[in-house]
Number of protein chains: 2
Amino acid sequence: MLYCQGESSPLSGDNESMKIHPRKVYSPKRPAVPALDQGKIVRAALTLLDEVGFDGLTMRNLGKKLGIKAASLYWHVHGKGELLSLLSDEICAPMRVPDRTLPWREQLEALGNEYRRVLLARRDAARVLAGSRASFGPHRLRLTEIVLRTLLDAGFDNRDAAYAGFLLNDYVMMFVSGETQDVNAEIEDGADESFSNVQNWVEVLSPHDHPSLLALADYLSEPDVDERFRFGVEILADGLEVRLKTRNAGR
Amino acid sequence: MLYCQGESSPLSGDNESMKIHPRKVYSPKRPAVPALDQGKIVRAALTLLDEVGFDGLTMRNLGKKLGIKAASLYWHVHGKGELLSLLSDEICAPMRVPDRTLPWREQLEALGNEYRRVLLARRDAARVLAGSRASFGPHRLRLTEIVLRTLLDAGFDNRDAAYAGFLLNDYVMMFVSGETQDVNAEIEDGADESFSNVQNWVEVLSPHDHPSLLALADYLSEPDVDERFRFGVEILADGLEVRLKTRNAGR
DNA sequence: ACCTGAACACCGTTCAAGT
DNA sequence: ACCTGAACACCGTTCAAGT
C-alpha cells in the first residue's frame with residue numbers, strides 16, 4: 001500500500017463523547033448541551049460548500065442550514081475568516097501520507113498527487129484555501145511537516161528544503177485553482193457573443209501576430225489535465241534533483 | 001539593454017484623438033462626447049485599485065470616483081467580471097519582452113522576473129488576475145505568445161511548450177499572490193491572541209511532532225522573498241532543461 | 001445614446017436584549 | 001452562557017424613466 005492513513009479528525013467521528021449524558025441535572029429548560037459548537041458549524045459549512053459552492057457559502061446561508069440566525073455563529077467563530085481557516089484545515093484532513101521508505105522523488109510525487117486529490121474532493125476547495133490565512137491548523141501542519149521532512153531526508157539543506165516545500169505547495173494549489181475555475185460557464189447563453197470561448201478562439205486570432213499560440217491551440221484547450229499535472233510535477237522533481245546533485249558535488 | 005518595450009497601450013496615452021473636436025455642430029445641450037467611456041473607466045479603476053486595494057474596488061466606489069452613479073457603468077461594461085478582465089489586461093500592458101537573441105533559459109528567467117515586476121507594480125494585481133476569467137486581452141495574448149515562441153525556439157515540442165508555458169505563468173502568479181497576501185495584518189490588535197503570528201509560532205509547536213518545521217523556521221518566515229523567487233525559477237528552468245535534453249537524446 | 005433614481009436581493013458584522 | 005432581533009453599512013445588478 002502506497003499511503004498510510006493519517007489520524008482521523010475528531011470532526012469525522014460523531015463526537016459521541018459529548019453526548020454520553022445529554023441531559024444533566026441542570027434545569028432542563030435550556031439544554032445543557034448547546035445546540036451549536038464549532039465542530040457542528042464546520043461540518044455544516046463543508047456540506048453547504050459542496051452543495052452551493054464557495055460563492056453560496058455565506059454566514060446567512062450557513063445559519064439557515066443550521067436552523068439558527070446568522071448572528072449566532074459569531075459566538076462560536078470570530079468571523080468568516082476564521083471559519084475559512086477551519087474549513088481549510090478540515091479539507092486537508094483526509095490527506096494520506098506516502099510510505100517513508102520510498103525514494104524521496106516518489107514520496108514527493110505521491111504527496112503532490114494526494115494534495116491534488118484532496119483538493120478536488122471538495123467543491124471549490126482551492127478557493128477556500130486561497131481565501132484563508134496562513135495555514136496553522138493541525139492537519140496542514142502535519143502535511144507540511146512531512147513534506148519538509150522528506151526533503152531534509154533527501155539531503156536538501158534547510159534553505160532549499162523550505163523553498164522547495166513552498167514550491168510544491170504553490171504548484172498544486174495553483175494547478176487545482178486553474179482546473180477548477182469554470183471557463184465553461186458561458187455555454188448557457190445561446191448568444192454568439194461567447195468571446196472567451198475556446199471554440200472560436202482559434203478563428204479570431206491572427207496567424208501573423210500569434211503563430212505559436214495557434215500552433216499550440218490543441219494543448220492550450222486542456223485536453224488532458226492529469227497529463228499536464230504530471231508534467232509539472234516531473235519538471236519540479238527534475239529541477240530539484242539537479243539542485244541536489246550539484247549541491248552534493250560541490251562539497 | 002535586456003528588454004524591448006512592447007507597443008504602448010492606447011490607455012496609456014491621453015486618447016487625444018477623441019478630443020480633437022470636443023464640441024461638434026450637434027445641439028450642445030448634451031455634450032456630443034459622452035462623459036464616460038471604457039478607457040476612462042479602466043483608468044479610474046486602476047488608480048482606485050492602487051488607492052483602496054481589491055476589496056475597495058467596487059462598482060459603487062468607482063462610480064463615486066468618476067462622479068457618476070454606479071448604474072451608469074453598466075452601459076459601458078457588462079459587469080464587474082468584464083471590468084476585472086479589462087484591468088487584468090491593462091495591468092500586463094507595461095510588460096517588457098526580453099531580447100530574442102538570448103539563450104532560451106535567460107529569456108525565460110527574464111520573462112518570469114518581468115511578470116513578477118509588473119504584478120508587484122499595481123496593488124493587489126495578482127488578485128485581480130486571479131479573479132478574472134481566462135486571459136484573452138491583447139497584452140496577455142502578446143505575453144503568452146512570446147513565452148510559447150521562446151519555448152518552441154528552444155526545441156520543445158508542442159505539448160511540452162504548452163505545458164511549460166502554463167507552468168511558468170502559474171508559478172509567477174502564485175508566488176506573487178503569496179507574497180502579496182498580508183499576513184502582517186493582525187499586528188494592530190494589541191491582544192496576545194495573535195495566533196497565526198510568526199513570532200510565537202515557533203514557541204507553540206511541539207518539537208516532537210514538528211521537528212522539521214521548527215528546524216526550518218528561519219526560512220519559512222520569508223526572510224528574503226527575492227531569493228525564494230529566484231530559487232523557484234531556477235528549479236523550473238533546470239527541470240525544463242532536463243526535459244529538453246532527454247527528449248533530444250531520445251530521437 | 002447615455003445617464004439617473006430607485007429598487008431588488010443580497011452580503012458580513014455588531015450589539016442590546018432576551019432566556 | 002448562548003442565542004435572537006434588529007439594525008448598520010455595505011455589495012452587484014436591473015430597469016423604467018429621464019434627457
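Quick note on labels: first sequence line is chain A, next is B, and so on, each numbered from 1.
- A gap of 22 Å separates the P atoms of D:dA9 and C:dC10, to the nearest Å.
- Distance, A:Arg60 CZ to C:dC11 C1': 6 Å, rounded to whole Å.
- As judged by a 4.0 angstrom heavy-atom cut-off over every strand, B:Asp55 is placed among residues making no nucleic acid contact.
- Between D:dT4, D:dC11, C:dC2, one nucleotide has an atom nearer to the side chain of A:Ala71 than all others, and that is D:dT4.
- Aromatic ring pairs are classed by plane angle as parallel below 30°, tilted from 30° to 60° and perpendicular above 60°; the pair A:Tyr171 and A:Phe229 is parallel.
- Exactly one residue among A:Leu111, A:Val233, A:Val225 makes a side chain to side chain contact (heavy atoms under 4.5 Å, CB included) with A:Arg116. That residue is A:Val225.
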Problem set entry | Intermediate values then yes/no, side chain to side chain contact (heavy atoms under 4.5 Å, CB included), B:Leu167 and A:Leu236 | CA-CA 10 Å; B:Leu167 193 55; A:Leu236 287 186; 5.5 Å; no
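- For the pair A:Leu62 CG and C:dC11 P, the interatomic distance rounds to 12 Å; values are reported in whole Å.
- Atom pair A:Lys69:NZ and C:dG12:P shows a separation of 15 Å (rounding to whole Å applied).
- Look at CG on B:Asp37: it is 14 Å from C1' on C:dA1, rounded to the nearest Å.
- The structure places OG1 of B:Thr58 at 6.5 Å from NZ of B:Lys80, a figure rounded to the nearest 0.5 Å.
- Residue B:His78 has no polar side-chain atom (N or O) positioned under 4.0 Å from OP1 or OP2 of D:dT13.
- Here the P atom of nucleotide D:dT13 and the CD1 atom of B:Ile68 are 14 Å apart, to the nearest Å.
- A distance of 9.0 Å separates CG of A:Leu168 from OH of A:Tyr115, quoted to the nearest 0.5 Å.
- For A:Asn61 and C:dC10, the shortest distance from a side-chain N or O to OP1 or OP2 is not below 4.0 Å.
- Between B:His76 and C:dA1 there is no side-chain polar atom (N or O) within less than 4.0 angstrom of OP1 or OP2.
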Exercise. Where does DNA chain C pair, written as one dot-bracket string 5' to 3', with Watson-Crick or G-U pairs under 3.5 Å, ( ) inside the strand, [ ] for crossing pairs and | for another strand?
Worked result: ||.|||||...|||||.||
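- Regarding contacts with the backbone of D:dT4, a side-chain N or O of A:Ser72 is found under 4.0 angstrom from either OP1 or OP2.
- Here C:dA16 presents its P atom at 13 Å from CH2 of A:Trp75, a figure rounded to the nearest Å.
- Of the candidates C:dC3, D:dC11, C:dT13, the closest approach to any side-chain atom of B:Thr58 belongs to D:dC11.
- Rounded to a whole Å, the CE atom of B:Met59 is 19 Å from the C1' atom of C:dG5.
- Using a 4.0 Å cut-off, some side-chain N or O of B:Lys80 falls inside it from OP1 or OP2 of D:dG12.
- With rounding to the nearest 0.5 angstrom, the CG atom of B:Leu57 is 9.5 Å from the CG atom of B:Asp124.
- If you measure from atom CD of A:Gln38 to atom P of D:dC3, you get 13 Å, rounded to the nearest angstrom.
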For this session: Applying salt bridge (charged side-chain N to carboxylate O under 4.0 Å, His left out), run through B:Arg142 and B:Glu145 and close with a yes or a no.
Result: CA-CA 5 Å; B:Arg142 178 175 65 94; B:Glu145 168 66 25; over 6 Å; no
